[in-house]
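Below: the structure, in structure tokens.
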Amino acid sequence: MGSVVRGRRTITLKQKLKAVRIIATGTQFQGDTPPAITLKAMPQQFEAVSYSWTRLRDNKVLSTAQQITVKNGEVDVVETYRVEVKDRLDDVYIDTLSITKVTDGKPGDVGKRGQVIVQREWKEGDIYRNNDNVIDYVYHRATDSWWRLRDGYDNIKAGLNPSNQFVQLTSLEHLAVNNFVAENANIAGFIFKDKVLKSQLPNLTNPNLILDGVNGKIIANDAQIKGHIEGTSGSIKNMTGENITVTNLNATNGSIKNITGDNITINSGTFKGKVIFEDGTSAQDAIDQKVKEGVDSIQVGGRNYITNSGHFKDINNWLQNGGGLSVKKNSGESFLVTNLPGGFKGVAQNVIPVEPNTQYTYSAWFFSEKTEIPVGNITPLHMWVQGPGTNSAQYAVNKNSGGVIKPGVWTRVVTTVCLQTNVD
């Protein structure tokens, strides 16, 4: 005979979960369709002895039957219904369900935004939400499950574990927590459309922001980006910032407008066409200063030996020669003024030494108020040349441009001078 084994085994029966679920023929009216929706309370794992239906908007008790009928005209935008079911032990089981109604708006109307889903982890004492704007999906780590507040409940303080005010996420909702990207999906004011993420404001035709993950583009009507920006190609307009560095700028056909900031550096670049600096900029001030400093050293086919010869501020380097001397300004221009009482009177300037057998050109603009002045080889413009070691001034060969200086008219006189070889 075989041996007999005797022992003891403990068998534990797992209690099945008791609950109530609302079964509905629909959850949304679309215009006038359907004419009504039926809601039925289905007890699970217990025998019901009573039912009580309440509309949460005004806490009105609607019926004590197992099912109720909601007519189309009884819902304006959204209504939430709650059923309370008691068993023989007088325990109460609760479920809620919301019915919405949508109607076609006018062409171009902006639709109502959907709820923003916020993922959080269950924490005793935290407040969780379920309203028109936001709904919390809460991960309960102890049971490795996701929960949300039932429809009609909002701003509820969490206990250690989910209460009857919470409902465990369905398979579809659980999927949405991890994979919520779909064509026309509404996410925090954005919508997925045509393989890009678009802002819904001001409208889908002209959104404020487009994120194109396929082509790697960001299109924004007004953006503030902080940190490192590196661009290898493209265009930047209306940029404001500090320490903007362009390492290789080659602009042959295009424009860069309204760049404002400190320490803007262009290491290498090519500019073709016209560059304009507006008045008041530091670049303009620097250029103006250089122009003022360099007027006396302008060289057009040679060197200008006459100092303080334009944009007169004073009479420095000029000598009075019996006619008096002053600076006068008119319409933004400045010029030297002297009287001509007769003879070789006027103004003069000593210049650097010149060389024999070398031609020099001496020119000036003249304005006479009343008197007509003939242009000869001596008047109104000539050069004196004095050789070293002699006390007398000797003429070089002066040849003026000729003509007449008429009163009230600016006239340019040009004289050419060639020193004689015997001038020592």
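Here, residue 1 is the first one in the sequence, and each next residue gets the next number.
A donor-acceptor contact shorter than 3.5 Å links the side chain of Arg150 to the backbone of Asn164. With Thr80 contributing its side chain and Leu56 its backbone, the two residues share no donor-acceptor pair below 3.5 Å.
Between Thr411 and Lys406, the closest heavy-atom pair is OG1-N, 4.4 Å. Taking each heavy atom of Val78 and Ser98 in turn, the nearest pair found is CG2-CB, 4.3 Å. In this structure, Ala65 and Trp53 approach most closely via the heavy-atom pair O-NE1, 2.8 Å. Of all heavy-atom pairs between Val327 and Ser334, the closest is CG1-CB, 4.3 Å.
By the ring pair (Phe, Tyr, Trp, His ring centres under 6.0 Å) test, Phe46 pairs with Tyr93, sequence neighbours left out. Trp122 is linked by a ring pair (Phe, Tyr, Trp, His ring centres under 6.0 Å) to Tyr128, His140, Phe166, counting only residues two or more places apart in sequence or in another chain. Listed by chain and residue number, nothing satisfies the salt bridge (Lys or Arg N to Asp or Glu O under 4.0 Å) test with Asp91 (two or more places apart in sequence, or in another chain). Partners of Asp151 under the salt bridge (Lys or Arg N to Asp or Glu O under 4.0 Å) rule, at least two apart in sequence or in another chain, are Arg148. With sequence neighbours excluded, no residue forms a ring pair (Phe, Tyr, Trp, His ring centres under 6.0 Å) with Phe29. Residues meeting the ring pair (Phe, Tyr, Trp, His ring centres under 6.0 Å) test with Phe366, sequence neighbours left out: none. For Asp154, the salt bridge (Lys or Arg N to Asp or Glu O under 4.0 Å) test picks out no residue, with sequence neighbours left out. Every side-chain contact (heavy atoms from CB on, under 4.5 Å) that Thr27 has, sequence neighbours left out, goes to Leu97.
Listed by first and then second residue, the salt bridge (Lys or Arg N to Asp or Glu O under 4.0 Å) pairs involving residues 40-54 are Glu47-Arg88 (not counting sequence neighbours). Among residue pairs with one or both ends in residues 51-68, those qualifying as salt bridge (Lys or Arg N to Asp or Glu O under 4.0 Å) are Arg55-Asp58, Arg57-Glu79; sequence neighbours excluded. Listed by first and then second residue, the salt bridge (Lys or Arg N to Asp or Glu O under 4.0 Å) pairs that reach into residues 62-78 come to none, sequence neighbours excluded. Applying the side chain to side chain donor-acceptor pair (under 3.5 Å) definition to pairs two or more places apart or across chains, those involving residues 363-375 are Ser363-Arg412.
Considering CG of Asn330 and CZ of Phe367, their distance stands at 9.0 Å, rounded to 0.5 Å. Atom-to-atom distance recorded for Ile22:CD1 and Ile94:CD1 is 10.5 Å, nearest 0.5 angstrom. Here the OG1 atom belonging to Thr54 is positioned 6.0 Å from the CD atom belonging to Glu84, to the nearest 0.5 angstrom. Here CD1 of Ile156 is found 4.5 Å from CD of Gln165. Values are rounded to the nearest 0.5 Å. Going from atom CD of Gln30 over to atom NZ of Lys101 covers 11.5 Å, rounded to the nearest 0.5 Å. With values rounded to the nearest 0.5 angstrom, Leu211 atom CG is found 9.5 Å from Ile219 atom CD1.
Aromatic ring orientation, Trp410 versus Phe335: perpendicular (interplanar angle above 60°, classes split at 30° and 60°).
When side chains are defined from C-beta on, Leu39 counts as touching Ile99, because their heavy atoms get closer than 4.5 Å. Gln66 has its side chain out of reach of Val83: every pair of non-hydrogen atoms, C-beta onward, lies at least 4.5 Å apart.
The residue from Ile127, Leu149, Asn130 that alone fulfils the side-chain contact (heavy atoms from CB on, under 4.5 Å) condition with Asn155 is Ile127.
Residue Ile218 qualifies as open at atom CD1: its count of foreign heavy atoms under 6.0 Å is 12 or below.
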